[in-house]
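The first residue in the sequence is number 1, and the count goes up from there.
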Amino acid sequence: ESFVAAFTEVNLSQYAQELIESELFGHRKGAFTGAMENHQGVLQRCSPCGAIFPDESGYITMRIQIKLLKVLQERKFYPVGSHQTEHFSGRVIAATNQDLPRLRQEGAFRDDFYYRLSSDNIEIPPLRKRLAEYPGELTQLLSVVVHRIVNIEEKDTDLVSQIEEYIRASQPGNYRWPGNIRELEQCVRQFLLRGSYNWQVEYRQNSQDPYQQLAMDMAAGSLSAAEVQSRYCRLLHTKLG
């Protein structure tokens with residue numbers, strides 16, 4: 001069995017809270033209003049050696065967290081409206097863009113559930129940080145994005161080089177790429193359509209408060225000590241006039 005066939009993905013943010021439980025665990029006909037037939041959830045559809053990928057798992061309620069914790073601990077669950085035990089033998093690979101430390105501190109995300117999930121953590125840094133640490137990654141990302149949009153051969157580097165040259169020459173200094181990879185895709189699309197990208201709209205929206213901007217850059221770890229000192233001194237000089 002291929003990895004793709006054994007991999008079941010579900011984006012939890014696209015479902016109302018009352019439907020997330022059904023999408024994960026499945027339901028029996030008549031379990032609730034609108035349940036016209038039996039439905040297999042992702043836990044039931046997962047093969048014994050496969051994996052489920054609940055994306056945006058920070059959206060699930062405490063009650064569903066408890067049910068998923070039981071799955072992880074005992075490897076069994078009950079579909080909505082059923083008393084028949086179902087078994088789960090796959091793996092759970094969860095992802096979220098939510099601030100889990102904050103949710104845990106607020107009591108919205110259970111500590112025991114978090115530690116059951118986090119046997120191995122992979123943090124994907126934002127695009128601005130990736131490009132700051134490895135500038136050459138822009139070429140690799142553009143190669144994939146351009147191929148996806150216009151379906152040219154990835155080895156055809158002429159168009160990729162043209163777009164990369166435009167981005168490096170025209171983007172504002174310290175640009176944060178607030179939209180991450182999706183914004184990079186839109187930048188490529190707009191360049192292909194108009195030969196330019198409207199940086200200033202995004203740049204102004206994300207540069208209104210220079211003090212907050214400095215704090216965010218420091219929190220992201222994208223500044224050296226010298227850069228922090230330089231930017232702080234500039235802000236202080238501007239404030240004192």
Under 3.5 Å: donor-acceptor pair, side chain of Asn180, backbone of Leu127: yes
Approximate separation, where rounding is to 0.5 Å, of Thr85 OG1 and Arg75 CZ: 15.5 Å
CA sep, side-chain torsions, deciding dist, call: Leu192, Val150, side chain to side chain contact (heavy atoms under 4.5 Å, CB included): CA-CA 9 Å; Leu192 293 174; Val150 299; 3.6 Å; yes
Criterion side chain to side chain donor-acceptor pair (under 3.5 Å) on Gln14 and Tyr59, from CA distance to verdict: CA-CA 10 Å; Gln14 67 182 333; Tyr59 283 91; over 6 Å; no
Salt bridge (Lys or Arg N to Asp or Glu O under 4.0 Å) evaluation trace for Glu137 with Arg130: CA-CA 8 Å; Glu137 188 172 357; Arg130 291 164 61 181; 2.5 Å; yes
Rounded distance [0.5 Å steps], OG in Ser22 versus CD in Gln40: 11.5 Å
Ile149 vs Arg189 side-chain heavy atoms within contact, under 4.5 Å: yes
Rounded distance [0.5 Å steps], OG in Ser47 versus CD1 in Ile52: 11.5 Å
Which residues share a salt bridge (charged side-chain N to carboxylate O under 4.0 Å, His left out) with Arg182, sequence neighbours left out: none
Side chain to side chain, Leu142 and Ile167, heavy atoms closer than 4.5 Å: yes
Nearest-0.5 Å distance, CD1 of residue Ile20 to CG of residue Asn11: 9.5 Å
Same apolar cluster: Leu72 and Ile64, side chain cutoff 4.5 Å: yes
Ser170 side-chain N/O to Tyr166 backbone N/O, donor-acceptor pair under 3.5 Å: yes
NZ or CZ of Arg104 within 45° of Tyr114 ring axis and under 6.0 Å: yes
More than 12 heavy atoms from other groups under 6.0 Å of CD on Glu106: yes
Single-linkage hydrophobic cluster, 4.5 Å side-chain cutoff, Tyr175 and Leu184 together: yes
Close side-chain approach of Gln140 and Tyr134, heavy atoms under 4.5 Å: no
Ring centres under 6.0 angstrom apart (His27, Phe32): yes
Check: Gln171 and Trp177 side chains under 4.5 Å, non-hydrogen atoms: yes
Ring geometry between Phe113 and Phe109 (parallel below 30°, tilted from 30 to 60°, perpendicular above 60°): tilted
Hphob cluster co-occupancy, Leu69 + Val71, side-chain heavy atoms under 4.5 angstrom: yes
Exam field: side chain Thr8 to backbone Val42, donor-acceptor pair closer than 3.5 Å: no
Interatomic spacing from CG in Asn198 to OG in Ser196 - rounded to 0.5 Å: 7.5 Å
Exceeds 12 heavy-atom contacts within 6.0 angstrom, atom CD1 of Ile124: no
No-hydrogen, no-angle side-chain donor-acceptor test under 3.5 Å, Tyr15 and Glu56: no
Test: Lys67 cationic atom under 6.0 Å from Phe25 six-membered ring centre, within 45° of axis: yes
Phe77 and Phe88 aromatic centres sub-6.0 Å: no
Full working for side chain to side chain contact (heavy atoms under 4.5 Å, CB included) between Leu43 and Glu86: CA-CA 9 Å; Leu43 292 171; Glu86 300 279 351; over 6 Å; no
Reported CG-to-CD distance for the pair Leu68 and Glu21, which is rounded to 0.5 angstrom: 9.5 Å
